[in-house]
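Atom set for the values below is all heavy atoms of this structure, side chains included, hydrogens, waters and symmetry mates excluded.
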Amino acid sequence: LQILYYKYGVFKMRIITGRARGLKLTTPKNWDVRPTADRVKESLFNIIGSKIIGAQVLDLFAGTGNLGLESWSRGAEKIVFTDTSKESLRLVESNIAKCRAQEDTETICGDACQLIGRLHKKGMSFDFVFADPPYNKGLVQKVIAALAESPLLNDGGYLIAEHSAHDELGTLPPQFELVRCETYGETKISFIRFAKV
């Protein structure tokens, strides 16, 4: 997604590339939702490259649905969006409808870490899990712990976590390997690969 900023905090979002390229999406009414900056998203998906094609994707802390819908536009097969906020999920569903991606998507309201356990019990699995939670609250670390306990990721799959540049991940469980980390000002993107042990 590309985010164009204007005066007084008003901004517009659109899909960067793929089958919904250029499509403008519904924007949040306030700044409680923090969309990923355009240059960060573009760099993120350039790193992922063609691995996203045909992928099963879980977008935790979905907010506007920007990462999941960019994945869909670039060829991901199935996207599951989660958020604790019903208002955010209504925004996600509005953007899904704009993309006409209803057949390939699902939205679930609830706590991300609890949902990881529930989805695992249902036998679901994913190639990519995006986690873009509020910064500096230890939520990425909790997601990693939940994924270690309930391994939703397929062997060789990736957790892609956006977090504060000052927020250290700490020691990872043995199933996880930090393979790449990119810093963009105050934002850090960690690419964490999962391998069954």
**Prompt:** Is R21 atom CZ crowded by more than 12 heavy atoms from other residues, nucleotides or ligands, each under 6.0 Å away?
**Reply:** no
**Asked** Quick one: do the N154 and Q56 side chains pair a donor with an acceptor below 3.5 Å?
**Response** no
**Request:** Ignoring hydrogens and angles, state whether a donor on the side chain of E149 or H120 is under 3.5 Å from an acceptor on the partner side chain.
**Result:** no
**Asked** Do E162 and Y135 have a side chain donor and acceptor closer than 3.5 Å?
**Response** yes
**Request:** Could you check whether the rings of F45 and F130 sit parallel, tilted or perpendicular, using 30° and 60° as the cut-offs?
**Result:** tilted
**Prompt:** Quick one: does T84's side chain have a donor or acceptor within less than 3.5 Å of a partner on G110's backbone?
**Reply:** no
**Asked** With ring centroids as reference points, do Y158 and F191 lie under 6.0 angstrom apart?
**Response** no
**For F126, ring-ring contact (aromatic ring centres under 6.0 Å, His included) partners two or more places apart** = none
**Message:** Treating D83 as the side-chain partner and G63 as the backbone partner, does any N or O pair qualify as donor plus acceptor under 3.5 Å?
**Reply:** yes
**Complete:** Separation between CG (D59) and CD (E106), nearest 0.5 Å, reads 13.0 Å
**Request:** Please list, chain by chain and in numerical order, all residues satisfying side chain to side chain contact (heavy atoms under 4.5 Å, CB included) with E103, sequence neighbours excluded.
**Result:** none
**Item:** T26 side chain vs N95 backbone, donor-acceptor pair below 3.5 Å
**Value:** no
**Asked** Is there a donor-acceptor pair closer than 3.5 Å between any side-chain N or O of N46 and the backbone N or O of E42?
**Response** yes
**Message:** With side chain to side chain contact (heavy atoms under 4.5 Å, CB included) as the criterion, how do K78 and T105 come out once you've worked through the C-alpha distance, each side chain's angles and the decisive distance to 0.1 Å?
**Reply:** CA-CA 6 Å; K78 172 74 175 181; T105 58; 5.9 Å; no
**Item:** Check: E177 side chain, I192 main-chain N or O, donor-acceptor pair, under 3.5 Å
**Value:** no
**Message:** If you apply the rule side chain to side chain contact (heavy atoms under 4.5 Å, CB included), what do you find for R74 with T17, and how did you get there?
**Reply:** CA-CA 7 Å; R74 291 170 183 252; T17 194; 3.3 Å; yes
**Main-chain N/O of L69 paired to S73 side chain as donor or acceptor, under 3.5 Å** = no
**Prompt:** Any side-chain heavy-atom pair from I47 and I160 closer than 4.5 angstrom?
**Reply:** no
**Request:** Dump the intermediate steps for side chain to side chain contact (heavy atoms under 4.5 Å, CB included) on I189 and Y184, then the final yes or no.
**Result:** CA-CA 8 Å; I189 303 287; Y184 310 86; 3.9 Å; yes
**Message:** Atom NZ of residue position K142 - does it have more than 12 heavy atoms of other residues, nucleotides or ligands inside 6.0 Å?
**Reply:** no
**Prompt:** Can any side-chain N or O of E70 pair as donor or acceptor with the backbone N or O of G65 at less than 3.5 Å?
**Reply:** no
